[in-house]
Each structure stands twice: as structure tokens, then as C-alpha cells.
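Counting starts at 1 for both ligands and their atoms, following the listed order.
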Amino acid sequence: MEIFNKTQQSIASKIRTGSDISNWKDWKWQVKHSIRSLEKLEMLTGINFSEEEVLQLKKTFDRFPLSITPYYLSLIDTNNYINDPVFKQSFGSPRELTVLKSELADPLSEEYDSPVEGITHRYPDRVLFHVSNICSMYCRHCTRKRKVGDIDYIPSKRQLQKGIDYIRETPQIRDVLLSGGDPLMLSDSYLDWLLSEITAIEHVEIVRIGTRIPVVLPYRITNNLIKVMKKYQPLWINTHFNHPREITSSSKEALRMLADAGFPLGNQSVLLAEVNDCPRIMKNLVHKLVKNRVRPYYLYQCDLSEGLSHFRTPVGKGIEIMESLIGHTTGFAVPTYVIDAPGGGGKIPAMPNYIISWSTNKVILRNYEGIITTYKEPESYESKFCDRNCENCNLDLNLDEVDEEKAVGIEKLLSDANSTISLVPDNNERHNRRNRNV
Ligand code: SF4
């Protein structure tokens with residue numbers, strides 16, 4: 001028999017739908033009874049806001065709507081909700097109405113890099129496919145605040161077909177990341193159709209799903225959903241835990257089901273002020289994740305989306321957290337700290353510096369304890385000139401299987417096979433002068 005805690009029993013009984021706690025684990029019941037108004041939240045939690053607070057909060061929800069699953073609501077410590085990390089991620093703050101000049105509706109320029117509806121094609125070999133405009137909960141720190149909650153809908157097959165056709169017609173795409181909204185808000189049969197269409201494309205090697213479902217609606221991970229997704233391996237699943245308090249018996253069970261089914265699991269956390277901006281909290285989170293077979297993948301610097309200034313920390317806080325993880329805990333429990341470049345430059349790793357200095361034959365490094373050490377470079381290493389057709393290539397690699405790739409960025413400067421000696425921004429004045437004089 002299931003054991004529910006007192007908060008869950010109290011919330012279920014107050015929802016008063018004629019249904020009792022026995023529906024708690026039905027994900028559709030959870031979605032149907034999501035908390036979308038201030039009055040309902042006050043009624044279910046016993047929290048009471050002042051008149052002034054109600055006024056401000058209503059303005060906030062008019063701009064950025066509220067939606068919390070009863071399950072996620074039950075994780076809030078109502079006795080100390082003001083400081084509660086679950087409350088802060090799910091319940092709005094009038095501070096969201098403050099929009100700074102540096103903030104943007106679409107800070108990652110996802111819509112600019114969209115060749116067809118639903119697709120963001122930023123990196124050469126992979127695409128982001130927005131397949132849902134529904135989330136089971138509206139996270140207050142969502143980078144796609146501009147979309148989430150506006151109109152809840154699942155794109156029609158006709159709309160999704162445009163994205164599928166683009167993927168089919170673009171042979172360099174080997175990796176498709178399903179995102180949204182939350183792709184796991186699609187019904188099992190719809191997801192089945194979508195995955196069958198995408199995986200039938202010969203050049204698609206892997207599909208990834210980005211989802212917050214194990215965190216906010218773990219009961220969505222059902223045996224039938226697993227059965228559907230298992231047909232389409234290799235399918236990678238990235239979830240989004242931000243705080244150790246989100247790892248509960250229910251979320252652990254969802255993760256167990258996914259891991260047992262063989263899906264590689266990763267986690268992307270967002271660094272959020274007053275939620276997880278603390279080395280101890282983050283270390284505890286990554287330990288809990290790996291214990292549940294989830295590899296911490298990214299720690300994101302909070303994006304420059306509108307209304308998120310109260311969530312943002314200085315980059316230095318992220319570096320401090322990384323200092324407390326690298327070397328101090330298991331290597332694969334350490335995520336990569338990244339800043340998603342505004343304007344669509346993609347994810348840029350921002351890590352502490354461990355190389356202190358260099359000479360022609362030695363590298364001076366420091367470790368996590370502060371020990372400064374020397375790595376002696378090999379004396380007899382002979383760099384091979386790479387013309388993309390050297391002996392190593394011919395002997396060790398089957399060249400037919402190797403992509404002929406176009407070098408980009410610093411890679412281009414390092415490559416022997418490329419004669420570029422500098423990268424010059426488009427509007428460099430000095431170069432423009434030179435061109436005028438030619
Ligand atoms: S689940 Fe993801 S897309 Fe949906 S509101 Fe949360 S962060 Fe945004």
C-alpha cells in the first residue's frame with residue numbers, strides 16, 4: 001500500500017473533486033488539478049498573502065502565468081515558504097516584473113536560428129526540436145518564459161511534419177534534441193508517432209529528450225511510456241533537478257524506471273540565487289543525482305531572459321561552486337559550468353583555471369588542494385603534419401566512416417590542413433580600411 005505524507009493527503013482532500021488521495025499518482029489527475037490561481041494556492045497551503053502582496057502577485061501572474069502540480073506543491077515547506085527553494089522555483093515573485101535593459105525575450109536567439117517552424121538549428125550536426133508548448137509546471141526561471149504559459153498547446157502533426165521534413169532533408173543532422181515546453185507532456189501514442197518518424201531518418205544517430213517531468217510530475221513515467229520510448233534506443237534523457245529537496249521517493253522511482261530501461265540519464269541545473277547558489281547544496285545535489293544513476297551534465301549560468309534578474313548570480317559564484325566540486329568529489333559527478341551566449345553563440349564553458357604557466361617543456365598546474373605541480377612535456381614527440389590523409393588516418397581509421405569536417409573557430413587556427421592565420425570580426429575597422437585601399 002502506498003504511503004502518502006500528511007501534506008499530500010491534506011492537498012488531495014482540499015482539492016475536493018470527489019476523488020481522494022488514491023488519484024495522487026495519476027499524472028493526468030495531477031495535470032488537471034494543477035494550481036493556477038493565487039486563491040487556490042492559499043486554500044491548499046494555508047499561506048495567506050496581504051492585500052498589497054495579492055495585488056502585486058496578480059500583476060505578475062497576468063504577465064507570467066502560474067502553474068504548479070499538486071505533487072510539487074506538496075514539497076513546499078509552508079512554515080518557511082519565504083526561504084523555500086521549491087516555492088521560489090514554482091511560485092512567482094513581483095520581482096519578475098522588473099525587466100532590465102540587458103534582458104531579452106529570446107536571449108539565445110532561438111527564433112533567429114529557426115529555418116522552419118519548431119526547429120532551432122545552431123550547431124552544425126544537431127537541432128533543437130520544439131515539440132510541445134505545454135509544461136506540467138511553469139518554472140519561474142524558465143529561459144523560454146516568452147512561450148511557456150501563453151497558449152498551452154501541442155503542435156499538430158502537420159506542424160511537426162515541417163520539422164521532421166527539415167531534419168530529413170538536412171543530412172548533417174545526426175542528433176535531435178526534443179524540447180518544448182516539455183516533450184513528455186505529449187501522449188504516449190503521439191510521442192510514439194514522433195519518435196518513429198524521427199528515428200526512421202537514416203542519418204539521425206541519436207535522439208535526446210529534455211524534460212523536467214521526473215522533478216515536477218514523476219508519475220508521468222509510467223510502464224507504458226517506458227515501453228514506447230524503449231523502442232527508439234539510443235534515446236538520451238536529460239532532466240532538470242536544481243535542488244536536493246527535489247529528489248524524493250517519487251522522483252527516485254521515476255529515475256529508477258528510466259535507468260532500468262537503459263536510457264542514459266543526465267541532469268542540467270540552473271544556478272539560481274537563493275535556491276542553489278551554495279557549494280554545499282550543489283555538492284549534495286550532485287551526490288544524490290549519481291546515487292540515482294543520473295550524471296550531472298551542465299550547470300547553467302542563469303540566462304538573460306526577461307524578469308530573471310533576481311535569480312541571477314555573478315559568474316564568480318558558479319566558479320566558486322566548480323572549485324568546490326572539481327577534485328573534491330567523483331569526476332563524473334561534476335557538471336560543466338556553462339554560459340549560454342546571448343545572441344545565440346551557444347554554450348561556453350566557464351571553468352576555474354588549473355594551468356598556471358607554461359614553458360616549452362613544462363606545464364605548471366595547480367590541483368584542487370592548492371598544490372602546485374609540474375608536468376614535464378615529452379621530449380621526443382614529433383607532431384605529424386595533418387593533411388587529412390596521413391599514415392595514421394590510412395592505417396588506423398577507416399576513412400569512409402570519418403566525417404569530412406569543416407574546421408571552425410580556434411580549431412581552424414590549430415589545424416595543419418587549414419591555412420587561416422587569424423580570425424577577424426566582420427566589421428573590423430582596420431581591415432575595412434585595408435580593403436578600401438586595395
Ligand atoms: S519545464 Fe522547462 S520549459 Fe517548462 S517551464 Fe520549466 S524550465 Fe521552462
(request) Measure from atom 4 (Fe) of ligand 1 to each N, O or S atom of Cys135 and report whether any distance is below 2.8 Å. (result)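 Checking Cys135: at least one N, O or S atom is under 2.8 Å.
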(request) Assign the ring pair Phe87 / Tyr81 to parallel, tilted or perpendicular, where the plane angle (0 to 90°) is split at 30° and 60°. (result)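 Perpendicular.
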(request) Please identify which atoms of ligand 1 are closer than 4.0 Å to at least one heavy atom of Arg212. (result)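 Ligand 1 atoms under the 4.0 Å threshold to Arg212: 1 (S).
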(message) Between Asp113 (side chain only) and Thr120 (backbone N and O only), is there a donor and an acceptor less than 3.5 Å apart?
(response)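 No; judged by distance alone, with no hydrogens or angles, the pair does not exist.
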(request) Please confirm whether the backbone N or O of Glu411 pairs with a side-chain atom of Ser415, one donor and one acceptor, at under 3.5 Å? (result)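 No; zero donor-acceptor contacts below 3.5 Å.
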(request) From atom 6 (Fe) of ligand 1, work out which of Ser136, Ser90, Ser305, Cys139 has a heavy atom at the shortest distance. (result)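 Going through Ser136, Ser90, Ser305, Cys139 one by one, Cys139 has the nearest heavy atom to atom 6 (Fe) of ligand 1.
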(message) Any heavy atom of His141 closer to ligand 1 than 4.0 angstrom?
(response)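 No, His141 has no heavy atoms under 4.0 Å from ligand 1.
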(request) State, to 0.1 Å, how close Val338 and Pro349 come at their nearest heavy-atom pair, and which atoms those are. (result)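 So the minimum-distance heavy-atom pair works out to CG1-CA, 4.0 Å.
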